[in-house]
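Heads up, the thing below is written out as structure tokens.
For the numbers below, each heavy atom of this structure counts, side chains included, while hydrogens, waters and symmetry mates do not.
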Amino acid sequence: MSATPKSTWLVLAVASGGCAAFNGVFAKLTTTELTASWASAIAQAFSLSPSNKVVEFGIRGLFFALNLLFNAIMWGLFTRALTLASSTVRVSVINTSANFMVTAVLGALIFSEALPGLWWLGAALLVAGSVIIGRREEGNKAGVEATTGIEPLLERDSVDATGFRDEAEPGSQEDVELDSVKDADDEDTSD
């Protein structure tokens with residue numbers, strides 16, 4: 001059963017958050033003492049010395065390579081989700097939420113970490129802030145679409161006093177500056 005085009009970005013955003021969590025786990029496993037104990041157990045399983053550095057460096061190298069691989073996969077999935085979704089903020093919220101949840105589960109399973117209530121409160125505040133920002137962005141976008149009937153090419157929170165201009169207006173300060181540079185160049189061409 002394949003995902004519909006509308007929900008494909010959601011699956012990609014969740015997968016991207018999961019890959020980001022695995023990226024962090026592999027980065028931690030590259031440097032932690034837990035990896036040294038795993039390497040010792042693997043070395044003993046192959047009848048090698050428990051302090052065999054080749055096995056330990058090999059395992060740490062494997063975790064580092066997996067760190068890089070999952071980082072690349074995460075960015076690929078995230079970028080694809082951004083191109084498919086109607087809102088970049090929605091993708092970021094889903095990605096961040098999935099990353100927090102998968103990180104919490106993996107931390108508990110692999111590193112026996114118990115996350116305090118303050119961590120959960122911080123994670124909830126980050127997600128809530130992202131949702132609030134996303135709702136504000138969607139409200140601004142809907143307001144522009146309702147008044148003009150089209151989606152804006154450029155989104156701006158406020159309009160400055162001069163407004164948006166593609167080119168300098170005749171007689172403006174920019175036009176005078178460009179003319180003075182052009183006149184100065186014409187005078188210097190008498191080599």
Side-chain angles (χ1 to χ4, degrees), residues 3-45 50-51 53 55-144 155-158:
T4 63
K6 283 191 169 190
S7 65
T8 302
W9 72 266
L10 183 63
V11 172
L12 293 171
V14 169
S16 173
C19 286
F22 275 101
N23 175 33
V25 166
F26 291 129
K28 188 170 182 175
L29 286 172
T30 301
T31 59
T32 188
E33 187 60 35
L34 178 61
T35 304
S37 65
W38 288 355
S40 176
I42 291 171
Q44 284 180 335
S51 61
K53 293 297 180 187
V55 173
E56 182 179 344
F57 290 145
I59 292 173
R60 288 186 189 278
L62 173 67
F63 286 143
F64 182 70
L66 288 170
N67 171 27
L68 296 177
L69 176 67
F70 274 84
N71 191 30
I73 293 170
M74 181 269 302
W75 279 112
L77 292 172
F78 185 70
T79 303
R80 184 66 181 142
L82 288 173
T83 60
L84 294 176
S86 62
S87 169
T88 58
V89 175
R90 286 182 181 173
V91 174
S92 296
V93 168
I94 298 298
N95 175 285
T96 302
S97 301
N99 188 352
F100 281 138
M101 296 306 116
V102 175
T103 297
V105 170
L106 291 175
L109 292 175
I110 297 173
F111 302 107
S112 301
E113 294 176 346
L115 297 175
L118 195 55
W119 185 93
W120 289 104
L121 177 64
L125 287 174
L126 285 170
V127 171
S130 297
V131 169
I132 290 168
I133 290 170
R135 288 190 181 270
R136 191 181 105 208
E137 176 191 89
E138 291 300 314
N140 289 345
K141 186 176 177 181
V144 170
E155 295 185 25
R156 295 180 288 174
D157 291 334
S158 64

- Message: Looking at Thr32, is its backbone amide N or carbonyl O close enough to the side chain of Arg60 to form a donor-acceptor pair, meaning the two atoms are under 3.5 Å apart?
- Response: yes
- Query: If you draw a 6.0 Å radius around CH2 in Trp75, do more than 12 non-hydrogen atoms from other residues or ligands fall strictly inside?
  - Reply: no
- Minimal non-hydrogen separation, Leu115 against Ala104, with atom names: CD1-CB, 3.4 Å
- Message: Within the 4.5 Å heavy-atom criterion, are Phe78 and Ser92 side-chain neighbours or not?
- Response: yes
- To the nearest 0.5 Å, atom CH2 of Trp9 lies from atom CZ of Arg90 at 6.0 Å
- Rounding to 0.5 Å, atoms CG (Leu69) and CE (Met74) come to a distance of 11.5 Å
- Item | Contact summary for Ala43 and Pro50, nearest pair of heavy atoms | CB-CA, 4.4 Å
- Note on the structure: Smallest heavy-atom separation, Ala39 atom then Ile59 atom, equals CA-CD1, 3.6 Å
- Item | Test item: Ser40 side-chain N/O and Ser51 main-chain N/O as donor-acceptor pair under 3.5 Å | no
- Task: Decide yes or no for Thr35 and Thr30: does some side-chain heavy atom of the first lie under 4.5 Å from some side-chain heavy atom of the second?
- Result: no
- Note on the structure: The reported gap from CD1 in Ile94 to CG in Asn99 (rounded to nearest 0.5 angstrom) is 12.5 Å
- Please tell me if the side chains of Phe63 and Lys28 come closer than 4.5 Å, counting only heavy atoms from C-beta onward. no
- Beyond-backbone contact of Phe111 with Val25, side-chain heavy atoms, under 4.5 angstrom: yes
- Assess the pair Phe70 and Phe26: is the distance between their ring centroids shorter than 6.0 Å? yes
- Is any side-chain heavy atom of Val91 closer than 4.5 Å to a side-chain heavy atom of Leu84? no
- Note on the structure: Rounding to 0.5 Å, atoms CH2 (Trp119) and CD (Glu113) come to a distance of 9.5 Å
- Task: Starting at CG of Asn95, measure out to OG of Ser16 and round the result to the nearest 0.5 Å.
- Result: 4.0 Å
- Kindly say whether Gly76 contributes a backbone atom to a donor-acceptor pair with the side chain of Thr79 at under 3.5 angstrom? no
- Going from CG on Asn23 to CG on Asn71, what distance comes out if it is rounded to the nearest 0.5 angstrom? 4.5 Å
- Item | side-chain contact (heavy atoms from CB on, under 4.5 Å) between Leu12 and Leu82, worked out | CA-CA 9 Å; Leu12 293 171; Leu82 288 173; over 6 Å; no
- Message: Counting only heavy atoms from other residues, nucleotides and ligands, does the tally under 6.0 Å from CG of Leu125 exceed 12?
- Response: yes
- Task: Kindly say whether Arg80 contributes a backbone atom to a donor-acceptor pair with the side chain of Thr83 at under 3.5 angstrom?
- Result: yes
- For Thr103 and Ala21, work out which heavy atoms get closest and say how close. OG1-CB, 3.3 Å
